[in-house]
**Student:** 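A single structure is presented below for examination.
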Amino acid sequence: MSEQRKKAQIKSLLALLVLLGASAVMMLIYHFLVPQGTAGAKAITVEVVHGDESAREFTYHTDAEYLGELLLAEKLVEGEEGAFGLFITTVDGETAQDSLRQWWCITKDGEQTETGADAVPIADGDHFELTMSTY
């Protein structure tokens with residue numbers, strides 16, 4: 001084997017090790033920075049704002065740590081599991097219509113959540129809104 005080929009293999013191996021190390025560091029950062037749910041009993045409120053702008057409010061007492069877990073257990077929502085977790089398609093019996101460009105927006109105290117329902121931590125006293133939206 002030529003000297004140049006050995007050097008190229010060593011460089012490739014080092015690049016692979018650096019990539020694996022960077023991936024491990026990113027996974028650790030994500031693990032420690034992802035919002036954590038609160039363990040134990042809590043009461044939260046979920047307000048559903050339908051497409052006709054009517055609203056219903058639901059109060060739940062739960063030990064769930066994440067919103068998606070609670071919404072599915074209470075059968076308030078239906079959805080599909082995707083690459084980014086639960087994609088909510090139906091809330092309180094109303095299904096978002098792709099042809100009308102509708103989707104369910106999740107907000108907490110009026111501020112849109114930055115993650116899907118599966119990754120939204122819940123704590124005692126939280127207030128969430130599920131609003132039929134159009135894009």
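Residue numbers run from 1 in the order of the sequence given.
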**Student:** Under a 4.5 Å cut-off applied to non-hydrogen side-chain atoms, are Leu86 and Glu81 in contact?
**Tutor:**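 Leu86 reaches Glu81 side chain to side chain.
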
**Student:** State the OH-CG distance between Tyr66 and Asp118, to the nearest 0.5 angstrom.
**Tutor:** 10.5 Å

**Student:** Ser12: what forms a side-chain contact (heavy atoms from CB on, under 4.5 Å) with it, not counting sequence neighbours?
**Tutor:** none

**Student:** Got a second to check how far Gln97's CD is from Thr134's OG1, nearest 0.5 Å?
**Tutor:** 11.0 Å

**Student:** Using side-chain contact (heavy atoms from CB on, under 4.5 Å), reason through Val120 and Lys108 one step at a time and then give a plain yes or no.
**Tutor:** CA-CA 9 Å; Val120 175; Lys108 179 179 177 184; 5.6 Å; no

**Student:** Are side-chain heavy atoms of Trp104 and Met132 found at a separation under 4.5 Å?
**Tutor:**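 Sidechains of Met132 and Trp104: in contact.
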
**Student:** Does Glu94 reach the main-chain N or O of Gly51 with its side chain, forming a donor-acceptor pair under 3.5 Å?
**Tutor:** yes

**Student:** Among side-chain atoms of Gln112 and Thr107, is any donor-acceptor pair under 3.5 angstrom?
**Tutor:** no

**Student:** Just verifying a value: how many Å separate Lys42 NZ and Tyr60 OH, rounded to the nearest 0.5 Å?
**Tutor:** 15.0 Å

**Student:** Minimum heavy-atom separation for Asp124 and Ala43, please, with both atom names.
**Tutor:**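 Closest approach of Asp124 to Ala43: OD1-N, 2.7 Å.
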
**Student:** Atom CZ of Phe87 and atom CH2 of Trp103: how far apart are they, to the nearest 0.5 Å?
**Tutor:**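 CH2 of Trp103 is found 9.0 Å from CZ of Phe87.
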
**Student:** What residues, two or more places apart in sequence or in another chain, satisfy side-chain contact (heavy atoms from CB on, under 4.5 Å) together with Ala73?
**Tutor:** none

**Student:** Please answer whether the main-chain N or O of Ala64 pairs with a side-chain N or O of Thr62 as donor and acceptor at a distance below 3.5 Å.
**Tutor:** yes

**Student:** Is it the case that the side chain of Thr90 and the backbone of Gly93 share a donor-acceptor pair, with hydrogens and angles ignored and the cut-off at 3.5 Å?
**Tutor:** no

**Student:** Work out which heavy atom in Thr45 is nearest to a heavy atom in Glu57; give both atom names and the distance.
**Tutor:** CG2-CG, 3.2 Å

**Student:** Of the non-hydrogen atoms in Glu65 and Glu69, which two are nearest, and what is the gap between them?
**Tutor:**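 Nearest heavy atoms, Glu65 then Glu69: N-OE1, 3.4 Å.
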
**Student:** Are the side chain of Asp63 and the backbone of Ala41 linked by a donor-acceptor contact shorter than 3.5 Å?
**Tutor:**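 Yes; at least one donor-acceptor contact below 3.5 Å.
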
**Student:** Within a radius of less than 6.0 Å around CD of Glu74, do more than 12 heavy atoms belonging to other residues, nucleotides or ligands occur?
**Tutor:**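 Atom CD in Glu74 is packed in, count exceeds 12.
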
**Student:** Determine the minimum heavy-atom distance between Ala117 and Ile88, stating which atoms define it.
**Tutor:**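 Here Ala117 and Ile88 meet closest at CB-CD1, 4.0 Å.
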
**Student:** Measure the CG-CG distance between Leu130 and Leu67 for me, rounded to the nearest 0.5 Å.
**Tutor:** 6.5 Å

**Student:** Drop me the distance from Thr59's OG1 to Ile44's CD1, to the nearest 0.5 angstrom.
**Tutor:** 9.0 Å

**Student:** Any donor-acceptor pair under 3.5 Å linking the side chain of Glu129 with the backbone of Gly110?
**Tutor:** yes

**Student:** side-chain contact (heavy atoms from CB on, under 4.5 Å) with Val91: which of Leu71, Val77, Val49?
**Tutor:** Val77

**Student:** Taking the side chain as everything from C-beta on, heavy atoms only, tell me whether Asp109 gets closer than 4.5 Å to Phe128.
**Tutor:**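 Not in contact.
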
